[in-house]
Amino acid sequence: MPDQSLPSSPRVRRATADRHFDGLADKFERGFYSTERGQVRLELTRRLLEERFANLPAGEVLEIGAGLGQTALWWLTHGHQLTLVEPSVEMRERAQQRLAESAEQGILAESDLTRLAWSSEDLQGFAARTEHQWPVVVCHAVLEWLIAPQQGFALLAGLLAPGGVMSLSVFNRDALAFSNVTKGNFDKTLEDRLAGWGTGKRLTPISPLRDTEIRQWASDAGLEVRELTGLRVFHDYLRSREPLSSTDMEKLLELESRHWRTPPFVYLGRYLHYEIVRPA
């Protein structure tokens, strides 16, 4: 495990506003979900949810950030009452379309969609107007798109009920640095120019995060990190850029899920997933 006493390096800030995805939904879908790395992330996330959360009793779930509805689909198929918060019109429409198509295909029942409520607010606006707390809070790949992710985490913590569990994933700053070094981007890494600008069409997160930060914020909020899992601990470092065969993909997924909690590999995951609990 990394030395938790080491301070974070000075961080170069670029973005001036939170990043939402209106006008970028097509690029978001191509860049994050249609690629091989996107499919690996989705499959590993599905396996993680099945392993860690499938036995939760059906109840209220709050999800911050709709994505394209993949995670929402998982919670609905497991019988939960889902509140989905997504400020981007385009992303809401994509997620709604995916869930409607899932009902048409029989993956969901039409009645399952009645257990879904939507909010068009961002995290800050939603948290400001509600006093309700949820037994399950889900937030995947959202904090890294906020200019103030520590404040965002504090808001998530306030939405989690006593005895509740949070499923949180963030874009890993240390893995981003490691990847840049392997590509020869020495100056960029030395000068800590890793974060995205938050403008144009590029989709590098504006606030990639470190494990030490999440653990400190959880402690400050009175929460406990119960499990850390690295997602894509190997895939992003493959030398070949050629698509994997189906046989090699199965082997890779086996290696990923075998070592996703094994030091040092866990800390190289492009995404870090945290199972966080609030003591009852």
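Since we're looking at a predicted model, the values are computed, not measured. Position 1 is the first residue of the sequence; numbering continues from there.
Each of Leu228 and Val165 belongs to its own hydrophobic cluster when Ile, Leu, Val, Met, Phe, Trp and Tyr are linked at side-chain heavy-atom distances under 4.5 angstrom. Val40 and Tyr237 fall into different hydrophobic clusters, where Ile, Leu, Val, Met, Phe, Trp and Tyr are joined by side-chain heavy atoms under 4.5 Å apart, directly or via other members. There is no path of hydrophobic side-chain contacts, each under 4.5 Å, that joins Val136 to Val85. Residues Ile64 and Leu49 fall into different hydrophobic clusters, defined by Ile, Leu, Val, Met, Phe, Trp and Tyr side chains chained together at heavy-atom separations under 4.5 Å. Met91 and Val138 fall into different hydrophobic clusters, where Ile, Leu, Val, Met, Phe, Trp and Tyr are joined by side-chain heavy atoms under 4.5 Å apart, directly or via other members.
Checked by atom type and distance alone, the side chain of Thr114 pairs as donor or acceptor with a backbone atom of Ser111 at under 3.5 Å. Under a 3.5 Å cut-off, the side chain of Ser245 and the backbone N or O of Asp248 do form a donor-acceptor pair. Formation of a donor-acceptor pair under 3.5 Å by the Ser169 side chain with backbone atoms of Ala141 is found in this model. Counting only distance, with no hydrogens or angles, the side chain of Arg98 and the backbone of Gly69 share no donor-acceptor pair below 3.5 Å. Proximity of a side-chain donor or acceptor of Asp112 to a complementary backbone N or O of Ala109 within less than 3.5 Å is detected. Between the side chain of Thr182 and the backbone N or O of Ser179, at least one donor-acceptor pair lies under 3.5 Å. Within the 3.5 Å criterion, the main-chain N or O of Pro205 finds no donor-acceptor partner in the side chain of Arg19. Remark: the backbone N or O of Leu231 is not paired with any side-chain donor or acceptor of Glu256 at under 3.5 angstrom. In this structure a side-chain-to-backbone donor-acceptor pair under 3.5 Å is missing from Asp174 to Arg210. Listed for the His80 side chain is no donor-acceptor partner under 3.5 Å among the backbone atoms of Glu60.
With a 6.0 Å radius and a threshold of 12 heavy atoms from other residues, nucleotides or ligands, Gln105 has its CD atom above the threshold. Within a 6.0 Å radius of CZ in Arg241, other residues, nucleotides and ligands contribute more than 12 heavy atoms. Around atom CD of Glu254, more than 12 heavy atoms belonging to other residues, nucleotides or ligands sit under 6.0 Å away. By the neighbour-count criterion of 12 heavy atoms within 6.0 Å, atom CD of Gln96 is densely surrounded, having more than that number from other residues, nucleotides or ligands.
Residues Ser119 and Glu121 bring a donor and an acceptor atom of their side chains to less than 3.5 Å of each other. Tyr267 and Asn172 form no side-chain donor-acceptor contact under 3.5 Å, judged by distance and modelled atom types alone. Inspection of the Gln124 and Asp18 side chains reveals an N or O donor paired with an N or O acceptor under 3.5 Å. Side chains of Gln97 and Glu101: a donor-acceptor N/O pair is present below 3.5 angstrom, by distance only.
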message: Show, in sequence, the C-alpha distance, side-chain angles and deciding distance for Arg261 and Glu51, and conclude whether the salt bridge (charged side-chain N to carboxylate O under 4.0 Å, His left out) test is met.
response: CA-CA 13 Å; Arg261 298 191 186 106; Glu51 177 191 317; 2.8 Å; yes
message: Could you go through Trp74 and Phe53, starting from their C-alpha distance and side-chain angles, then the distance that decides it, and tell me whether this counts as ring-ring contact (aromatic ring centres under 6.0 Å, His included)?
response: CA-CA 10 Å; Trp74 188 90; Phe53 299 97; 7.2 Å; no
Candidate pair Leu156 and Ile276, rule side chain to side chain contact (heavy atoms under 4.5 Å, CB included), full reasoning: CA-CA 11 Å; Leu156 291 174; Ile276 300 174; over 6 Å; no
query: Going through the checks in order, is the side chain to side chain contact (heavy atoms under 4.5 Å, CB included) test met by His132 and Thr130?
result: CA-CA 5 Å; His132 189 65; Thr130 183; 3.4 Å; yes
Steps toward side chain to side chain contact (heavy atoms under 4.5 Å, CB included) verdict (Ser120, Arg92): CA-CA 8 Å; Ser120 60; Arg92 283 200 313 276; 3.3 Å; yes
Trace of the side chain to side chain contact (heavy atoms under 4.5 Å, CB included) decision for Gln151 with Leu155: CA-CA 6 Å; Gln151 295 176 18; Leu155 294 176; 5.7 Å; no
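No option in Leu116, Leu99, Leu113 other than Leu116 meets the side-chain contact (heavy atoms from CB on, under 4.5 Å) test with Leu82. When each of Leu168, Leu48, Val170, Val266 is paired with His273, the side-chain contact (heavy atoms from CB on, under 4.5 Å) condition holds for Leu48 and for no other.
The residues Asp236 and Arg41 are annotated as not salt-bridged, no charged nitrogen and carboxylate oxygen being separated by less than 4.0 angstrom. A salt bridge does not link Glu90 to Arg94: none of the charged nitrogens lies less than 4.0 Å from a carboxylate oxygen. A salt bridge does not link Arg47 to Glu50: none of the charged side-chain nitrogens sits closer than 4.0 Å to a carboxylate oxygen.
Note that CZ of Phe126 is 5.0 Å distant from CG of Leu62, once rounded to the nearest 0.5 Å. Here the straight-line distance linking atom CZ of Arg270 with atom CZ of Phe178 works out to 10.5 Å at 0.5 Å rounding. Note that the CG atom of Leu190 and the CZ atom of Phe186 stand 9.0 Å from one another [nearest 0.5 Å]. With rounding to the nearest 0.5 angstrom, the CG atom of Leu44 is 10.0 Å from the NE2 atom of His235. Of the inter-residue distances, the one linking Trp75 atom CH2 with Thr83 atom OG1 reads 13.0 Å to the nearest 0.5 angstrom. Taken to the nearest 0.5 Å, the CZ atom of Arg173 stands 8.0 Å off from the CG atom of Leu209.
Taking every heavy atom of both residues into account, Ala175 and Gly269 meet most closely at CB-O, 3.4 Å. Closest non-hydrogen pair, Gly79 versus Ala58, comes out as O-CB, 3.3 Å. In terms of heavy atoms, Leu76 sits closest to Arg115 at O-NH2, 3.1 Å. Scanning both residues, Glu86 and Ala66, for their nearest heavy atoms gives OE1-N, 2.9 Å. Between Leu223 and Ala157, the shortest heavy-atom contact is CD1-CB, 3.7 Å. Ala177 and Leu194 make their closest contact through CB-CD1, 3.8 Å (heavy atoms, listed as atom of the first residue, atom of the second, distance).
Side-chain contact between Leu42 and Arg46 is absent, with no heavy atoms from C-beta onward closer than 4.5 Å. Side-chain atoms of Ser167 and His140, non-hydrogen and from C-beta on, do get closer than 4.5 Å to each other. At least one side-chain heavy atom of Pro162 sits under 4.5 Å from a side-chain heavy atom of Gln133. Leu272 has its side chain within reach of Asp211: a pair of non-hydrogen atoms, C-beta onward, lies under 4.5 Å apart. Residues Leu108 and Leu73 are in side-chain contact: their nearest non-hydrogen atoms beyond the backbone lie under 4.5 Å apart.
Classified by interplanar angle (parallel below 30°, tilted 30° to 60°, perpendicular above 60°), the ring pair Phe153/Trp217 is tilted.
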